[in-house]
Structures are given as C-alpha cells and as structure tokens.
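Okay, structure first, notes after.
Please read these numbers as outputs of a predicted model, since none were measured by experiment. FYI, the numbering just counts along the sequence from 1.
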Amino acid sequence: MVIDDSNTIRRSAEIFLVQAGCQVVLAEDGFDALAKIADHQPAVIFCDIMMPRLDGYQTCALIKKNPRFKATPVIMLSSKDGLFDRARGRMVGSDQYLTKPFTKDSLLQTVASFALAPEMEELKP
C-alpha cells in the first residue's frame with residue numbers, strides 16, 4: 001500500500017512495484033488508507049508524513065495500535081531527511097524511513113527487506 005497525497009509519488013511507486021510483480025493499493029491520505037487496510041491487508045505500507053486531515057505519524061500510530069496490523073511494516077516517506085523526523089516515526093511504530101524522491105531500487109529493496117512473498121526474494125540485494 002502506498003499512502004501519499006501526491007499523485008506523482010503514488011503513481012511512481014505504483015509503476016515501480018507493479019513492474020516488480022507486486023499488487024498495489026493506493027490511498028490519498030490517512031483516512032482513505034484506514035478504510036482500505038482492513039479490506040486489502042497489505043504486506044507492506046508506505047506512508048507519507050505530510051498529508052492533510054491525518055498526517056503520516058497519526059496514520060502509522062493508528063495502524064500499529066490495531067492488533068491485526070501491529071506486525072505490518074510501515075515505512076515512512078518524507079522529503080525531509082532529518083533526525084527528528086526519523087525519531088518521531090520510530091516513536092509511532094514505523095519500521096523504516098525512506099526519503100523522497102526515492103529511486104526504483106531503493107523502493108524495491110525496502111519492500112524486499114520486509115516482504116515475505118517468494119517472488120520478492122529476487123529483489124533482495
């Protein structure tokens with residue numbers, strides 16, 4: 001799942017992931033994502049930090065508070081690469097931090113490091 005209010009980021013991630021054989025669910029913000037997570041049960045969630053209505057920190061915290069999705073990896077996405085942002089992400093339960101704009105390789109390596117699907121094994125470095 002890719003949660004980002006930027007259509008460009010959502011589409012870029014979707015293209016990279018679909019080319020690698022992943023199924024992708026897109027969400028425009030935290031509320032949209034929370035409504036879709038239960039239906040789709042994503043294996044990995046990429047979540048932008050700066051979003052309207054419900055920011056990435058709040059979204060991540062809500063996902064991790066749900067016992068059903070506590071173990072689901074949440075990777076925070078941000079154009080800021082600050083120590084504070086990384087620390088705050090960890091505090092709400094995020095599993096990793098990826099700086100935007102990301103490359104195809106960095107996105108796929110991140111997915112491969114968390115995904116359990118056998119088809120992702122070939123993506124591991």
Side-chain angles (χ1 to χ4, degrees):
M1 172 175 270
V2 178
I3 311 165
D4 201 302
D5 58 325
S6 164
N7 189 46
T8 305
I9 295 294
R10 282 195 316 272
R11 293 293 168 213
S12 296
E14 180 182 36
I15 290 167
F16 295 156
L17 293 167
V18 168
Q19 286 174 348
C22 300
Q23 292 181 344
V24 182
V25 177
L26 302 176
E28 293 181 17
D29 61 34
F31 284 116
D32 187 25
L34 293 173
K36 293 178 177 178
I37 286 173
D39 292 338
H40 298 281
Q41 299 181 14
V44 178
I45 300 171
F46 289 92
C47 184
D48 183 25
I49 291 175
M50 300 298 292
M51 295 184 293
R53 301 197 307 159
L54 197 64
D55 72 22
Y57 299 121
Q58 295 165 320
T59 303
C60 180
L62 289 168
I63 292 167
K64 293 295 188 171
K65 281 182 184 171
N66 184 325
R68 231 170 113 198
F69 303 108
K70 186 176 180 65
T72 303
V74 177
I75 294 90
M76 303 305 286
L77 297 173
S78 180
S79 52
K80 297 188 285 183
D81 193 19
L83 190 61
F84 174 78
D85 296 307
R86 288 176 182 271
R88 189 165 173 208
R90 288 280 185 206
M91 286 172 52
V92 295
S94 75
D95 297 276
Q96 198 166 323
Y97 192 97
L98 192 60
T99 305
K100 298 190 293 188
F102 46 78
T103 63
K104 180 178 182 177
D105 287 344
S106 66
L107 184 72
L108 296 181
Q109 284 177 359
T110 302
V111 169
S113 69
F114 289 104
L116 303 174
E119 64 270 13
M120 296 306 293
E121 284 297 316
E122 65 198 45
L123 298 176
K124 286 190 177 181

How long is the gap from [atom1] on [X] to [atom2] on [Y], to the nearest 0.5 Å?
X	Y	atom1	atom2	value
Ile3	Asp32	CD1	CG	8.5 Å
Phe16	Asp105	CZ	CG	9.0 Å
Leu77	Gln96	CG	CD	10.5 Å

Please name the pair of heavy atoms, one in [X] and one in [Y], separated by the smallest distance, quoted to 0.1 Å.
X	Y	answer
Asp4	Ser6	OD1-N, 2.8 Å
Cys60	Val92	SG-O, 3.6 Å
Ser79	Thr99	O-CG2, 4.1 Å
Pro73	Phe114	CB-CD2, 3.5 Å

Treat each ILVMFWY residue as a node, draw an edge where side-chain heavy atoms are under 4.5 Å apart, and state whether [X] and [Y] are in one component.
X	Y	result
Val24	Met1	no
Val18	Val111	yes
Phe102	Met76	no
Ile9	Leu17	yes
Ile75	Tyr97	no

Query raised in the report: Do other residues, nucleotides or ligands put more than 12 heavy atoms under 6.0 Å from the NZ atom of Lys104?
Result: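 More than 12 heavy atoms, drawn from other residues, nucleotides or ligands, come within 6.0 Å of this atom.
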Query raised in the report: Taking the side chain as C-beta and beyond, is there a heavy-atom pair between Thr72 and Ile37 under 4.5 Å?
Result: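 When only atoms from C-beta onward are counted, Ile37 and Thr72 do not touch, as no gap falls below 4.5 Å.
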Query raised in the report: Side chains of Glu28 and Arg10: does their closest heavy-atom pair fall under 4.5 Å?
Result: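 Yes, their side chains come closer than 4.5 Å.
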Query raised in the report: Between Arg90 (side chain) and Asp95 (backbone), is there a donor-acceptor pair under 3.5 Å?
Result: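 Yes; judged by distance alone, with no hydrogens or angles, the pair exists.
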Query - Check: Leu26 main-chain N/O paired with Lys36 side-chain donor or acceptor under 3.5 Å - result: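 A pair under 3.5 Å: yes.
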Please set out all donor-acceptor pairs under 3.5 angstrom arising from side-chain atoms of residues 40-57, sequence neighbours excluded.
from, atom 1, to, atom 2, distance (Å)
Asp48, OD1, Lys100, NZ, 3.0
Arg53, NE, Asp29, OD2, 3.1
Arg53, NH2, Asp29, OD1, 3.2
Arg53, NH2, Asp29, OD2, 3.0
Asp55, OD1, Tyr57, N, 3.0
Asp55, OD1, Gln58, N, 2.8
Tyr57, OH, Asp85, OD1, 3.1

